[in-house]
Amino acid sequence: MPKTIFATGINGLVGSHFQNRYNSSYTIVSLDVADPRNPVDITQPEQVLNALSSAKGEYVLHLAAFTNVTEAWKQNGDTHGIAYKVNVEGTKNIIAACQQLGLHLIHVSTAYVFDGENEDLYTEENSVHPIEWYGQTKAEAEALVMASTIDWTVLRIDQPFRSDFFPRLDIAHRILDGLKNNTLYQQFDNHFFGPTYIDDFSKVVDWVLRTGTTGLFNASSGEKWSDFEFATAIANTHSITTEIQKGDLNEYLKTLDRPYQRNTAMDTTKLQNALDFELTPISKAIAEIS
Ligand SMILES: NC(=O)c1ccc[n+]([C@@H]2O[C@H](COP(=O)([O-])OP(=O)(O)OC[C@H]3O[C@@H](n4cnc5c(N)ncnc54)[C@H](OP(=O)(O)O)[C@@H]3O)[C@@H](O)[C@H]2O)c1
């Protein structure tokens, strides 16, 4: 009998890859707010509890979130706003249901819990210090998970991209598209991130489900790339000769009305020491994008 996994946000950019890849290994029960027959809004505690009691499962994979950082900033400080409700109240409801039903929660978080001022990679030992509202709500959510007495695994990711096409373009497909159509905007050489290869991340989730591993893990690639380096690598790997314009983050920040993290790359040594497979180097992952 395949394990039953309850999943929120499974139709999004990250979750739909896991669903496509592992739907024959697990019975995946979706808690989907847009389901016309059985909508489950995670901000409604009774809907969450009803949905999670409906089948015998062991795990909740919690991906649902308000993920639009710019829109979240417009709600800065508003604990009645939708970003706070989904990210914090929604997670609180999931935790309460897991507590009641004895479920292990796999909670997906973000490198935006950090302020981005580190030169080096962020480790699990670094304190969180969010600088904008999306990061603040996600930091509160992961703190609630980690303070709970349920079995939990928190997986932090950054700038995820997948090998296959998804209608909401990820960072790699946006760059590829811009290069092909000669519409690529300037790429900063002084902004850094830690790309997450979603194909690997799905395997990380499967590893948690197979092993029952608990704890906090940075689950990106463990690499640090500037925007310019990343775009150049994509162009070179896909034999595209379009010239890439270098941009300066400091100039961009003068035009931006919200805080922006300069470096969100994370160290993944803890994860890599625990995994029973190797993460794909980003240079190789880029070659797998179609
Ligand atoms: N994408 C990134 O750049 C990024 C980076 C770091 C971390 N993350 C984290 O990774 C996770 C997945 O991100 P993603 O990019 O795959 O997200 P996404 O594509 O924006 O999908 C979000 C999902 O959440 C669901 N959702 C929103 N409000 C809900 C509610 N009230 N009740 C139930 N479901 C609700 C959405 O359902 P509908 O589609 O039906 O509205 C959607 O399926 C999130 O926790 C996010 O914080 C993402």
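Note that this is a predicted model, so its numbers are computed, not measured. Order of appearance sets the numbers: ligands from 1, and atoms from 1 within every ligand.
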Quiz item: Can you list the ligand 1 atoms lying under 4.0 Å from a non-hydrogen atom of Asp32?
Solution: 40 (O)

Exercise. Indicate yes or no: does an N/O atom of Gln159 lie under 3.5 Å from an N/O atom of ligand 1?
Key: no

Quiz item: Testing Thr110, Thr70, Val113 for side chain to side chain contact (heavy atoms under 4.5 Å, CB included) with Tyr134, which one passes?
Solution: Thr110

Quiz item: Hey, do the aromatic rings of Tyr59 and Tyr26 have their centres closer than 6.0 Å?
Solution: no

Self-check item: Option set Ile42, Val108, Ile198, Leu63, criterion heavy-atom distance to atom 44 (C) of ligand 1, minimum
Solution: Leu63

Self-check item: Within the 6.0 Å centroid threshold, strictly below: Phe228 and Phe188
Solution: no

Quiz item: Any protein heavy atom lying closer than 4.0 Å to atom 4 (C) of ligand 1?
Solution: yes

Practice problem: Would you mind checking if Lys284 and Glu288 are paired as a salt bridge, meaning a charged N to carboxylate O distance below 4.0 Å? | Solution: yes

Quiz item: Hey, is atom 39 (O) of ligand 1 touched by any protein heavy atom at less than 4.0 Å?
Solution: no

Exercise. Determine, using heavy atoms of Ala111 and all atoms of ligand 1, whether some pair is separated by less than 4.0 Å.
Key: no

Quiz item: Just which atoms of ligand 1 are under 4.0 Å from any heavy atom in Val40?
Solution: 32 (N), 33 (C)

Quiz item: Could you go step by step and tell me if His191 and Tyr252 meet the ring pair (Phe, Tyr, Trp, His ring centres under 6.0 Å) rule?
Solution: CA-CA 11 Å; His191 173 255; Tyr252 174 65; 8.8 Å; no

Quiz item: With respect to Ile42, which candidate in Thr91, Val86, Asn87 satisfies the side chain to side chain contact (heavy atoms under 4.5 Å, CB included) definition?
Solution: Val86

Exercise. Mark up the atoms of ligand 1 that fall under 4.0 Å of a heavy atom belonging to Arg168, in ascending order.
Key: 1 (N), 14 (P), 15 (O), 17 (O), 18 (P), 19 (O), 20 (O)

Quiz item: If you look at every heavy atom in Leu61 and Phe18, which pair is closest and at what distance?
Solution: CD2-CD2, 4.0 Å

Quiz item: Non-hydrogen atoms of Gly90 versus ligand 1: any pair closer than 4.0 Å?
Solution: no

Quiz prompt | Donor-acceptor under 3.5 Å (Asp151 side chain, Thr214 main chain) | solution = no

Quiz prompt | Proximal candidate to atom 34 (N) of ligand 1 [heavy atom criterion; set Pro167, Ala64, Ala219] | solution = Ala64

Quiz item: With a 4.0 Å cut-off on heavy atoms, is Asn68 touching ligand 1?
Solution: no

Quiz item: Looking at Asp276 and Arg210, does any basic side-chain N land under 4.0 Å from a carboxylate oxygen?
Solution: yes

Practice problem: Using distance alone, decide if ligand 1 has a nitrogen or oxygen within less than 3.5 Å of any nitrogen or oxygen in Lys138. | Solution: yes

Quiz prompt | side chain to side chain contact (heavy atoms under 4.5 Å, CB included) partner of Phe217, chosen from Val204, Leu155, Val208 | solution = Leu155

Quiz item: With only distance considered, is Tyr134 within less than 3.5 Å of ligand 1 through an N or O on each side?
Solution: yes

Exercise. Check each atom of ligand 1 against the heavy atoms of Ala65 and keep those under 4.0 Å away; list them by number with element.
Key: 22 (C), 24 (O), 27 (C), 44 (C), 45 (O), 47 (O)

Exercise. Using a strict 4.0 Å cut-off to heavy atoms of Ala34, name the atoms of ligand 1 that fall inside it.
Key: 40 (O)

Quiz prompt | Min N/O separation Asp41 to ligand 1 under 3.5 Å | solution = yes

Practice problem: Tell me whether Ile10 is reachable from Val33 by hopping between hydrophobic residues (I, L, V, M, F, W, Y) whose side-chain heavy atoms are closer than 4.5 Å. | Solution: no

Quiz item: What residue and atom, counting heavy atoms only, is the protein's closest point to atom 1 (N) of ligand 1, and at what distance?
Solution: Pro160 CG, 3.6 Å

Quiz item: N/O of Leu13 under 3.5 Å from N/O of ligand 1, yes or no?
Solution: yes

Exercise. Decide whether an N or O pair under 3.5 Å exists between Val86 and ligand 1.
Key: no

